Amino acid sequence: MTAVISTNEVCRYFGDEEETMVKAVDRVSIEIERGEFTAIVGPSGSGKTTLLHLIGGLDNPTSGSVELSGTNIAEMSGAILSDFRRDHIGFIFQSYNLIPVFSAEENIEYIMLLQGVEASERKRRVAEMLEQVGLEGLGSRRPNKLSGGQQQRVAIARAMVSHPEIILADEPTANLDSKTGIALLDLMKELNEKHNMTFVFSTHDDKIMTRAGRLIHMMDGEIESDEVK
Amino acid sequence: MLLLKLAFRNIFRQRRRSLLTAISMAGGYILCTFSFSLSEGSYNNAISFFTLDHTGHVQIHKEDYLQRPKIHKTIDDPEQLSEILDSREDIAAHTLRVFAPGIAYSDTDNSPAQIIGVDLERERTTSTLEQKVSSGSYIGSDLDSDGYYSAMIGAGLANSLNIGLGDELILISQGADGSVANDIYIVNGIIGNRDSPDRNTVFLPLVAAQEFLSMYGRVHEVSILLNDEGDSRSEASLLQEELQDLSVAPWQVVESTFYQSMQTDKQGNNFSMGVIVFLVFVGVLNTVLMSVLERTREFGVLKAIGSRPTKIALMITLETGLLASLSVLMGLLISLPLIGWFTAVGFELAQPMDVGGIVMSHMTGEMSFYVFAIPLALIVLFALLISIPTGIRAARISPTEAMRST
């Protein structure tokens with residue numbers, strides 16, 4: 001199988017001085033294949049969120065390379081990188097990060113607008129996504145009129161609506177109660193299997209670890225173990 | 001469209017702050033339009049006063065008569081010139097004049113006087129001389145039964161010479177041929193009051209003045225009234241090309257002292273307008289900066305999910321432009337009737353005001369497209385300019401750093 005995500009000796013250091021430098025990610029090399037449901041786990045400060053940001057092109061590596069479907073995104077910047085993220089990566093954040101002045105529908109629609117998808121097609125896909133994440137009838141509500149679980153469902157729909165190859169989820173269940181978290185994980189697992197999308201989580205949630213097909217343990221910026229179930 | 005919707009909704013996110021900014025922009029707009037209308041209205045009134053009183057919109061003289069008036073610098077064929085001027089469609093009217101300094105005598109007193117010979121019929125349609133007759137009547141060009149021409153004199157001169165209607169006026173001056181000019185006239189009209197600019201002037205029929213000054217058939221000045229005052233400079237240029245041996249000047253040159261003083265006053269008004277606009281900008285800048293700082297995390301998210309940096313900057317510019325446009329619209333709705341009233345009715349000043357050398361006691365405004373459009377363009381344009389660096393700042397936000405912020 002072809003690796004959809006490939007990092008080669010990727011490093012992300014903070015600070016210039018040798019003594020105070022923080023090695024958030026240090027010489028990490030991983031390969032993740034299409035359709036994998038992978039969890040990057042580790043304690044706080046182990047570097048899992050930084051690694052996720054490097055994979056998503058939200059941060060630039062100090063050294064090494066990050067390739068997504070064979071493209072080295074560490075060499076991209078500005079509008080090209082924005083377009084790459086828009087077309088290839090979906091993000092789900094711990095604190096949902098929805099646009100507060102947009103309704104659920106508009107939050108989902110926004111990314112397709114950036115892609116230049118036609119209005120009728122946008123409308124159809126928004127309705128489809130709302131149905132898939134179980135939010136039919138709630139599309140016109142703004143985020144402040146939705147529960148945490150419902151907001152995260154909107155965030156999942158937003159991440160998936162443009163059919164990206166990779167979904168990166170940073171602690172997606174951290175702000176949710178256990179029951180809602182399980183329901184959302186089951187939803188993501190179902191979507192992963194249905195659409196063959198690649199999911200990569202950063203988490204220390206046992207529920208995700210149980211459901212993940214692969215666990216990458218990190219400690220102090222380095223990979224401690226890489227376990228395929 | 002969604003971007004516009006996003007910008008629109010963001011404006012109403014912080015309703016109180018947006019409202020205060022909108023009030024400051026609308027207030028600034030109203031102040032600017034009012035100040036602009038006042039300044040334009042005052043100057044237009046002053047220009048009308050000058051041009052209709054005696055200057056006209058364009059004047060024609062011989063050589064440098066305007067700068068160094070001499071009795072012998074005359075237009076020698078005014079009738080032919082009149083034919084040319086009468087044939088031009090953009091000229092509403094014109095009149096012919098001669099000038100000379102002289103001494104006026106009564107039985108008991110004497111006083112220096114400015115003697116002006118006017119084409120009485122043409123003067124009616126070119127200047128307000130007829131309306132300035134405060135007692136007696138607007139004179140005719142004919143000799144009376146005793147063989148005397150009529151004269152109209154300024155109220156100041158009438159007072160100095162202690163004469164009135166029906167009295168004899170003796171004038172002495174120098175003729176164009178070097179001879180001593182002297183003659184008797186009958187006062188049949190008094191012009192203005194003792195404070196009028198014409199208070200020491202003697203107005204004679206043109207033919208009488210030409211005879212008196214030995215200037216048979218010649219004149220010193222042709223004053224022209226155009227259909228549109230705004231064409232003064234261009235019309236003067238066109239006439240100058242046609243009348244090579246004469247000197248043609250628009251009112252801005254003829255009344256250069258007034259014109260320069262008006263321009264200086266205008267610069268002062270522009271500076272005041274600049275101060276108002278600057279104060280508005282400070283408010284707008286504060287709002288835009290606050291709005292960007294508060295939404296740092298949101299901009300990070302927008303970038304993370306694929307918004308191009310230019311789109312973020314465009315959104316900030318759209319928000320600012322929308323807020324400025326709505327504010328100016330609000331200001332326009334208030335300033336339109338206000339300036340309409342100011343233009344139609346105006347108000348009396350408690351103290352008369354000097355406008356470029358003309359004392360005015362009643363102020364009216366000017367209602368024109370520019371009065372509303374220039375402040376509108378200034379406020380919207382500068383608000384947009386302010387949004388550019390702020391938008392660039394938002395566009396440069398690093399998604400990871402932005403999402404770390406609370």
Side-chain angles (χ1 to χ4, degrees), chain A residues 12 14 24 49-54 56-60 77-103 105-117 119 122 126 142-144 155 158-162 164 167-168 170, chain B residues 1-19 287-288 290-316 318-320 322-323 326 391-406:
Chain A
R12 180 65 173 106
F14 294 99
T49 296
T50 306
L51 179 60
L52 211 65
H53 285 175
L54 289 171
L58 298 181
D59 201 0
N60 295 319
S77 63
I80 297 169
L81 182 58
S82 295
D83 290 354
F84 190 87
R85 277 201 298 264
R86 181 195 68 195
D87 297 333
H88 298 274
I89 307 165
F91 287 96
I92 301 168
F93 303 100
Q94 180 181 337
S95 49
Y96 329 129
N97 284 336
L98 300 175
I99 310 298
V101 291
F102 273 170
S103 65
E105 283 171 340
E106 288 163 345
N107 265 288
I108 299 167
E109 186 186 0
Y110 181 73
I111 198 155
M112 290 188 286
L113 187 95
L114 296 177
Q115 288 177 315
V117 177
R122 292 204 302 266
V126 167
R142 289 204 184 171
N144 61 350
R158 177 178 68 180
M160 296 188 63
V161 74
S162 59
I167 303 278
L168 301 175
D170 186 14
Chain B
M1 191 62 195
L2 202 61
L3 203 66
L4 194 70
K5 199 186 277 185
L6 182 61
F8 196 76
R9 287 182 190 171
N10 277 329
I11 291 173
F12 291 97
R13 224 173 186 182
Q14 292 284 346
R15 285 197 179 91
R16 195 176 299 168
R17 190 171 62 209
S18 293
L19 184 67
T287 302
V288 177
M290 285 292 287
S291 167
V292 168
L293 283 173
E294 278 173 3
R295 287 152 56 203
T296 301
R297 186 184 180 88
E298 202 174 300
F299 293 132
V301 174
L302 286 172
K303 283 191 82 174
I305 63 174
S307 293
R308 286 183 176 188
T310 46
K311 212 113 191 171
I312 307 273
L314 179 67
M315 192 173 73
I316 303 288
L318 258 178
E319 277 177 33
T320 316
L322 263 175
L323 183 61
L326 289 173
I392 291 172
R393 187 183 185 281
R396 282 184 177 165
I397 286 172
S398 147
T400 43
E401 283 171 25
M403 284 189 287
R404 264 187 231 125
S405 68
T406 50

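Remember, it's a predicted structure, so these values are computed and weren't measured experimentally. These values consider heavy atoms only, across backbone and side chains, with no hydrogens, waters or symmetry-generated copies.
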Q. Which of the residues B:S398, B:A395, B:P399 is involved in the greatest number of heavy-atom pairs with chain A at under 4.5 angstrom?
A. B:P399
Q. Is it the side chain or the backbone of A:L58 that comes within 4.5 Å of chain B heavy atoms, both, or neither?
A. both
Q.
Take a 6.0 Å sphere around CZ of B:R393 and say whether it holds more than 12 heavy atoms from other residues, nucleotides or ligands.
A. no
(Q) As an exercise, state the distance from CZ of B:R308 to CD1 of A:I80, rounded to the nearest 0.5 Å. (A) 8.5 Å
Q: Report, by ascending residue number, the residues of residues 92-99 of chain A in heavy-atom contact with chain B at a distance under 4.5 Å; give 'none' if the set is empty.
A: A:F93, A:S95, A:N97, A:I99
Q: Go through A:S82, A:G57, A:G56 and name the one with the most non-hydrogen pairs under 4.5 angstrom from chain B.
A: A:S82
Q. To the nearest 0.5 Å, how far apart are CG in A:N60 and OG1 in B:T400?
A. 8.5 Å
Q.
Between A:P100 and chain B, with a heavy-atom cut-off of 4.5 Å, which part of the residue counts as in contact: side chain, backbone, both or neither?
A. both
Q. So what's closer than 4.5 Å to chain B heavy atoms on A:R142: side chain, backbone, both or neither?
A. side chain
Q: For residues A:Y110 and B:S307, report the shortest heavy-atom separation together with the two atoms involved.
A: OH-OG, 2.8 Å
Q.
Test of understanding: with ring-ring contact (aromatic ring centres under 6.0 Å, His included), list the residues that count as partners of B:F12, not counting sequence neighbours.
A. B:F8
Q) Of all heavy-atom pairs between A:E106 and B:K5, which one has the smallest distance, and what is that distance? A) OE2-NZ, 3.0 Å
Q) From A:D170 CG over to B:M403 CE, what is the distance, rounded to the nearest 0.5 angstrom? A) 8.0 Å
Q | Heavy-atom closest pair, residues A:V101 and B:R9 | A | O-NH1, 2.9 Å
